Amino acid sequence: VAIGSSAGRDSQGTQSVAIGYIAGSNAQGNNTVAIGVSAGKTSQSTESVAVGNSAGFNLQGASSVAIGQNAGCADQSSSAVAIGVHAGRDSQGTECVAIGHNAGYNAQDSRCVAIGNSAGSSLQGDSAIAMGSSAAKLDQGNYSVAIGRLAGYDSQAADCVAIGNQAGSNVQGANAVAVGVYAGRA
C-alpha cells in the first residue's frame, strides 16, 4: 500500500505500507510500515516501523521501531527502539532503546537504554543505562548506569554507577559508585 506523492516509489517490499510524501520511497523492505513525510524514506529494512516525519529516514535496520519526528532518523540498527522527538536520531546501535525527547540522540552504542528527556543523548557506551531527565547526557562509558535527574550528566566513565539527583554529575571516574542526592558530584 502506498499513499502520497512518491510514497513506496522504488522497490517497495511485499506487504509493506507507505503513507505520506516520499514515505518508503527507496528500497522499503518486506512487512514494513512507514507513515509520515519522509518516514522510512531510504533503505528501510524488513519488519521495521517508522511513524512520524522523517522517522527511520535513512538506513533503518531490521525489526526496528521509530516513532516521533526524526526518531531513528539516520542509521538505526536492527532491533532498536526509538520513541519520542529526535529519540535515537543519529547512529542508534543494535538492540538499543531510547524513549523521550532527544533520548539517545547521537551515537548510542549497542544494547543501551536511555529513558527520559535527553537521557544518554550523546555518546552512550555499550550496554549503558541512563534513566531520568538528562541522565548521562554527555559521554557515558560502557557498562555504566545513571539513574536520576542529571545523574552521570557529563563524562561518566566505564563501569560506573550513579543513582540519585545529580549523583556523579560531572566527570565520574572509572569503576566509581555514587548513590544519593549530589553524591560524587564534582
Side-chain angles (χ1 to χ4, degrees), residues 1-137 140 146-147:
V1 174
I3 300 171
S5 180
S6 297
R9 181 184 67 212
D10 298 321
S11 303
Q12 184 180 32
T14 60
Q15 299 180 8
S16 291
V17 175
I19 299 173
Y21 175 69
I22 63 175
S25 66
N26 186 13
Q28 186 182 27
N30 297 330
N31 305 309
T32 60
V33 175
I35 300 172
V37 174
S38 300
K41 181 181 182 280
T42 304
S43 298
Q44 185 183 28
S45 296
T46 303
E47 298 174 344
S48 293
V49 175
V51 179
N53 292 347
S54 296
F57 179 81
N58 186 40
L59 300 175
Q60 186 180 25
S63 304
S64 291
V65 175
I67 299 173
Q69 182 177 341
N70 291 317
C73 183
D75 196 17
Q76 183 184 35
S77 297
S78 63
S79 303
V81 176
I83 300 172
V85 174
H86 304 296
R89 184 171 192 248
D90 296 318
S91 299
Q92 187 181 29
T94 302
E95 299 174 356
C96 283
V97 175
I99 300 173
H101 184 263
N102 288 332
Y105 181 94
N106 181 47
Q108 195 178 28
D109 206 337
S110 299
R111 297 169 299 279
C112 295
V113 176
I115 300 174
N117 182 47
S118 295
S121 69
S122 183
L123 304 175
Q124 189 178 26
D126 185 44
S127 302
I129 297 170
M131 297 174 65
S133 180
S134 295
K137 182 176 181 179
Q140 184 181 31
I147 300 173

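Bear in mind that the values here come from a model prediction, so they are computed numbers and not experimental data.
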Could you list the donor-acceptor pairs under 3.5 angstrom formed by side chains in residues 115-122, with sequence neighbours left out?
unit_1, atom_1, unit_2, atom_2, d
Asn117, OD1, His101, ND1, 3.4
Ser121, OG, Ser118, O, 3.4
Ser121, OG, Lys137, O, 3.3

Subject >> Nearest-0.5 Å distance that lies between atom CZ in Arg89 and atom SG in Cys73 >> reply: 5.0 Å
Original post:
CZ/Arg111 to OG/Ser79 distance, rounded to the nearest 0.5 angstrom?
Top reply: 11.5 Å
**OP:** Kindly give the heavy-atom pair with the smallest separation between Val37 and Asn53, and that separation in Å.
**Re:** N-OD1, 3.1 Å
**OP:** Search all heavy atoms of Gly68 against all heavy atoms of Ala55 and return the closest pair with its distance.
**Re:** O-CB, 3.5 Å
Subject >> Asp75 side, atom CG; Gln108 side, atom CD - distance, nearest 0.5 Å >> reply: 12.0 Å
Original post:
Under the 3.5 angstrom rule, does the side chain of Ser16 hit a backbone N or O of Asn31 as a donor-acceptor pair?
Top reply: yes
Original post:
Partners of Ser91 by side chain to side chain donor-acceptor pair (under 3.5 Å), sequence neighbours excluded?
Top reply: none
**OP:** Nearest 0.5 Å please: distance from the CG atom of Leu59 over to the OG atom of Ser77.
**Re:** 9.5 Å
**OP:** Determine the minimum heavy-atom distance between Ala18 and Gln28, stating which atoms define it.
**Re:** CB-OE1, 3.7 Å
**OP:** Using modelled atom types only, decide if a donor and an acceptor are shared between the side chain of Ser78 and the backbone of Gly61 within a distance under 3.5 Å.
**Re:** no
Original post:
Closest heavy-atom contact between Val81 and Gln92?
Top reply: O-NE2, 3.0 Å
Original post:
Is a side-chain donor or acceptor of Gln60 paired with a backbone partner of Val49 at a separation under 3.5 angstrom?
Top reply: yes
Subject >> Residue pair Ala7 / Ala2: nearest heavy atoms and the distance that separates them >> reply: O-CB, 3.4 Å
Original post:
Is the backbone N or O of Asn58 less than 3.5 Å from a side-chain atom of Gln76, with the two atoms forming a donor-acceptor pair by type?
Top reply: no
Original post:
Which atoms form the tightest heavy-atom contact between Ala82 and Ala71, and what is the distance?
Top reply: O-CB, 3.8 Å
Original post:
Taking only residues two or more places apart in sequence or in another chain, which ones pass side chain to side chain donor-acceptor pair (under 3.5 Å) with Asp10?
Top reply: none
Original post:
Is a side-chain donor-acceptor pair under 3.5 Å present for Ser110 with Asp126?
Top reply: no
Original post:
Measuring from Glu95:CD to Asp109:CG, what's the distance to the nearest 0.5 Å?
Top reply: 12.0 Å
Original post:
Hey, does the side chain of Gln140 reach the backbone of Ile129 with a donor-acceptor pair shorter than 3.5 angstrom?
Top reply: yes
Subject >> Euclidean distance, Tyr105 OH relative to His86 NE2, rounded to 0.5 Å >> reply: 6.0 Å
